[in-house]
Amino acid sequence: MFSHTTKGQPYNMELLSRFLSQDFRRELPSRLIDYELLTGSNGKRSVAFGWFAGVAGALESLSALAHAHLEIGVASPFLHTPRPHTHLALPSLRAALRAIGEEILRDGTPKSLGPFVIGLTGNGNVSQGVLSILGELPIVNVRVQDLPALVNNPLIQIYLAHASPAEYLARTDGGQYDRAHYYEHPSVYQSDFATKVAPYLTLFLNGVGWLPGFPRLMTNDALATALVRAAEVGRARLGTIGDISCDLEGGLEFMSRASTISEPFFKHRPPTLPASSPKRANYAVIQEYRGQPVEQEYSEALRTATVAKNGQLQGNHTWLAAPLDQWRRSTPKVDGSPRKKKVLMLGSGMVAGPAVQQLCKRTDVELVVASNSRTEAEDLIRGLSNASACLLDVEDGQKVSELIGGADVVISLLPVPIHPSIAELCIQHGKHMVTASYISPAMRALHDRAESANIVLLNEIGLDPGIDHCSALSLLKQLEKENKQVLSFTSFCGGLPAPEASDVPLGYKFSWSPRGVLNAALNDARFKLNGEVTEIPGENVLKHHFPDVPISNVLKLEGIANRDSLPYADTYGLGELDDLRTVLRGTLRYPGFADLVHSFKSMGLLDTHPSSHILPQSWSDLARRALGQKIGEDIPTDPRSLASALSNVVPDQQRHERATGSTPMPTTPIDLLTRVLAHKLRYDPGERDLVVLSHEIVARPASTVIGGGKGSTNETHVYKSSLVSYGTESASAMSRCVGLPVAFATLAVLDGKVVGRGVQGPTEETLYGAVLDGLKGVGLEMKESVRRGSGMDAKLSNGLRSMGFIMG
């Protein structure tokens with residue numbers, strides 16, 4: 001049969017479940033073969049109803065259109081359009097439609113409706129069937145670009161605009177549509193059908209299919225925009241839509257249910273009825289194989305097209321277990337109560353608490369917190385009826401796999417190197433995954449497999465990265481609507497002790513993983529500042545920092561360049577890099593942090609290579625051993641020898657007393673230093689932390705032409721979006737700003753609001769909008785302001801030069 005189960009869309013999961021049920025297996029041997037998957041030796045489909053679907057869909061839609069016009073007091077010739085199942089054969093249908101065409105040639109279409117414009121999308125069998133049956137009418141073919149002028153044409157006749165993807169798909173990075181590029185990178189495209197085509201149509205026939213991860217032809221919001229514009233264009237525009245794509249809530253998001261022969265049309269959802277076409281369709285469904293078929297060829301074709309057999313999913317269709325499981329969980333139980341949505345949280349560290357609390361506010365969610373510390377996990381879920389704790393060693397692959405298999409979404413709060421192995425299991429089980437960490441190369445490499453498994457591996461949804469992405473994309477979207485051209489994008493973010501708790505070495509305390517903080521000091525940096533592309537190797541990124549970042553009138557802050565900023569010109573849709581003056585992302589710290597941590601690096605305390613393993617006799621011996629490993633010499637244990645060796649790598653003013661404490665086990669210096677700092681620079685009871693996030697965007701009207709592309713202070717405006725949050729008695733600012741976005745994103749995935757598949761960041765508008773709305777509801781709202789003038793580019797550039805860095 002044409003089961004339409006192979007895309008995993010919820011509306012056909014009930015049918016698939018019947019072939020996998022125990023009762024069905026007991027009754028008789030079962031096998032679900034999807035006709036759309038049958039192919040010959042040449043790879044082409046052997047079975048297709050698409051052409052007849054187009055014929056039936058066009059006829060039913062014309063009939064629906066005529067009834068819609070009756071409701072506004074207009075009787076059109078299409079009232080006589082034959083419904084497909086009322087005629088015995090296709091020639092009879094053609095003759096009836098041809099008679100309507102002759103009437104239109106003689107008398108025209110109703111003048112009160114203006115030009116009668118039919119829009120069509122798609123180039124496959126469906127669209128060819130539409131074109132074939134509409135050929136019986138006196139059609140005039142027109143281009144999409146002619147539509148605005150056409151609707152004012154006094155000629156009363158029928159026009160057909162067959163829209164190609166190049167006419168309504170646009171790249172968000174400003175590039176030209178390319179078919180191969182579109183199928184390789186669908187996420188960088190958006191549909192402008194709602195503004196360029198839809199408002200001018202009398203009837204829209206959709207014959208183009210849709211897959212998750214690709215832009216929808218029209219979203220719910222886009223439909224609202226199109227209807228407003230259609231009302232401005234003229235009477236009865238965009239009043240009838242015939243969706244022949246068989247994709248409920250697919251390319252046309254608002255098409256939420258299918259029609260039937262007895263109910264052929266309804267508001268906003270005209271028919272999709274290929275099965276109502278005449279009996280000739282039944283004979284034409286199965287086409288002949290080219291050449292002389294052999295038994296083996298038939299057997300292989302049937303094997304490939306078999307979705308389920310004897311109660312088991314087959315071959316490449318095993319991935320359907322995930323959407324089927326999700327459908328089952330969302331389907332009401334026998335007692336009428338909805339099934340719970342299950343979330344597995346791996347890890348119970350510093351940022352887990354707010355995420356746990358937020359997720360468990362939803363009564364339809366069941367949460368399992370799996371941790372190597374049962375005490376921590378039980379503390380997190382105390383008092384929550386829809387959460388449970390589980391002791392887990394992540395080295396126990398079987399246990400991890402079992403837990404992932406029982407979840408709908410997996411949250412990984414584990415160390416970054418472990419994320420890819422968790423993602424592998426999520427792909428294997430068809431489960432979505434959410435993490436706050438940057439997308440690593442190992443994670444990026446899983447994109448195609450995750451996409452094929454129809455799951456999203458959502459990364460970069462904490463604070464930085466996370467809230468910074470969401471807030472930047474939201475502000476940039478607003479500037480795009482205002483037709484502004486971005487000249488400069490600068491973003492800084494940091495987690496700090498509140499000022500009253502900052503009088504400690506480094507001016508820093510740890511509210512999250514110390515290793516993560518230190519790792520940031522090892523990354524190369526690349527950015528564009530004041531017109532110059534700049535690269536700083538990781539060994540010098542702390543040495544060449546920004547001594548003064550002017551984002552606060554209260555706090556004195558320094559900045560450290562954060563990784564590679566240049567790809568964000570594309571990620572954020574800022575425009576061509578050559579046209580931008582600045583693209584810079586950085587980390588905020590109190591003054592003195594960068595110099596002191598750079599001294600740690602110079603001493604060898606940030607070494608990560610296995611060959612750097614040391615075994616100090618005590619914590620106070622750590623600096624001597626690490627420095628000796630770094631310079632390749634044995635340093636005597638007396639204080640003067642250590643001071644002499646230090647003088648060769650660390651300036652006098654940057655030296656700091658050595659830590660004391662327990663004797664560690666042999667490991668790398670950075671891991672030993674992490675343990676020291678986590679103990680010495682932890683938050684004491686009652687102390688608060690602070691999160692500061694600030695975006696600065698310099699923009700001008702897109703129509704402004706200024707020599708050199710730099711902009712002037714008369715035409716440019718500085719748009720600022722900022723967040724300042726202090727810790728509370730119940731949670732640190734860092735844990736809220738990392739954990740809550742993770743929770744809101746997880747709920748968005750559970751609720752089906754995330755369309756993209758594969759390895760993704762929070763770039764979908766529905767996703768980052770949901771996260772920002774959730775944050776606003778808990779008091780973490782971005783504050784925005786605008787002023788005329790220039791940005792901080794020059795000050796940052798001058799500061800970098802003052803640190804001895806030569807730009808250009």
Side-chain angles (χ1 to χ4, degrees), residues 342-362 365-404 406-407 409-419 421-422 425 433-437 461-463 466 495 509-519 661-662 664-665 667 671 674-689 691 727-743 745-746:
K342 295 190 176 181
V343 177
L344 169 65
M345 178 180 290
L346 298 174
S348 58
M350 295 179 174
V351 302
V356 169
Q357 292 294 323
Q358 191 64 44
L359 288 167
C360 290
K361 288 180 180 179
R362 283 271 297 263
V365 170
E366 280 186 1
L367 175 66
V368 175
V369 178
S371 170
N372 63 355
S373 171
R374 184 184 294 276
T375 300
E376 284 186 1
E378 290 177 346
D379 286 344
L380 285 173
I381 66 165
R382 185 167 287 112
L384 301 174
S385 61
N386 55 339
S388 59
C390 173
L391 182 64
L392 176 68
D393 179 355
V394 293
E395 298 296 327
D396 186 348
Q398 182 177 350
K399 182 68 174 296
V400 175
S401 180
E402 289 175 358
L403 288 171
I404 290 175
V409 178
V410 177
I411 298 172
S412 178
L413 300 180
L414 300 171
V416 174
I418 302 177
H419 291 332
S421 61
I422 299 301
L425 290 172
M433 174 178 166
V434 178
T435 175
S437 302
I461 191 60
L463 168 61
K509 291 195 171 187
F510 293 93
S511 58
W512 66 295
S513 167
R515 178 63 188 267
V517 175
L518 297 178
N519 278 342
S662 303
M665 296 295 291
T667 185
D671 287 321
T674 292
R675 293 173 64 182
V676 174
L677 296 179
H679 174 71
K680 290 290 186 179
L681 298 181
R682 66 185 184 276
Y683 281 90
D684 291 329
E687 289 185 331
R688 301 185 302 167
D689 69 329
V691 163
T728 66
E729 292 183 2
S730 59
S732 69
M734 181 60 71
S735 67
R736 297 184 75 226
C737 290
V738 175
L740 289 173
V742 167
T746 299

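Values reported hereafter were calculated over all heavy atoms of this structure, with side chains retained and with hydrogens, waters and symmetry mates removed.
- In this structure, Arg374 CZ and Asp379 CG are separated by 12.5 Å, a value rounded to the nearest 0.5 Å.
- With values rounded to the nearest 0.5 angstrom, Glu378 atom CD is found 7.0 Å from Arg382 atom CZ.
- Counted by atom type alone, Ser371 and Ser373 present zero donor-acceptor pairs between their side chains at under 3.5 Å.
- Atoms CG and OG1, on Leu413 and Thr435 in that order, are 7.0 Å from each other to the nearest 0.5 Å.
- Every salt bridge (charged side-chain N to carboxylate O under 4.0 Å, His left out) that Glu687 has, sequence neighbours left out, goes to Lys509.
- The CG atom of Leu359 lies 6.0 Å from the CG atom of Leu367; values are rounded to the nearest 0.5 Å.
- Put simply, CD1 on Ile461 and CG on Leu740 are 11.0 Å apart, with the number rounded to the nearest 0.5 Å.
- With contacts defined as side-chain heavy-atom distances shorter than 4.5 Å, the pair Asp393/Lys399 does not qualify.
- Of all the heavy atoms in Ile381 and Ala389, the pair that sits closest is CD1-N, 3.3 Å.
- Contact check for Val410 versus Leu346: side-chain heavy atoms found under the 4.5 Å cut-off.
- A donor-acceptor contact shorter than 3.5 Å is absent between the side chain of Asp689 and the backbone of Gly495.
- Looking at heavy atoms from C-beta onward, Asn372 lies out of side-chain contact with Val394 at the 4.5 angstrom threshold.
- Across all their heavy atoms, Ala731 and Pro354 have their closest contact at CB-CG, 4.0 Å.
- The two residues Gly353 and Leu380 have their closest heavy-atom pair at CA-CD2, 3.5 Å.
- Here the side chains of Gln358 and Val742 are not in contact, with every heavy-atom distance at 4.5 Å or above.
- Here the closest heavy-atom approach between residue Ser348 and residue Val369 is recorded as CB-CG1, 4.3 Å.
- In this structure, Val351 and Leu463 have side chains that are not in contact, with every pair of non-hydrogen atoms separated by 4.5 Å or more.
- Between atom SG of residue Cys360 and atom CG of residue Asn386 there is a gap of 4.0 Å, rounded to the nearest 0.5 Å.
- Side-chain contact between Ile422 and His419 is absent, with no heavy-atom pair separated by less than 4.5 Å.
- For the side chain to side chain contact (heavy atoms under 4.5 Å, CB included) with Met345, the lone residue among Val368, Val409, Val356 that qualifies is Val356.
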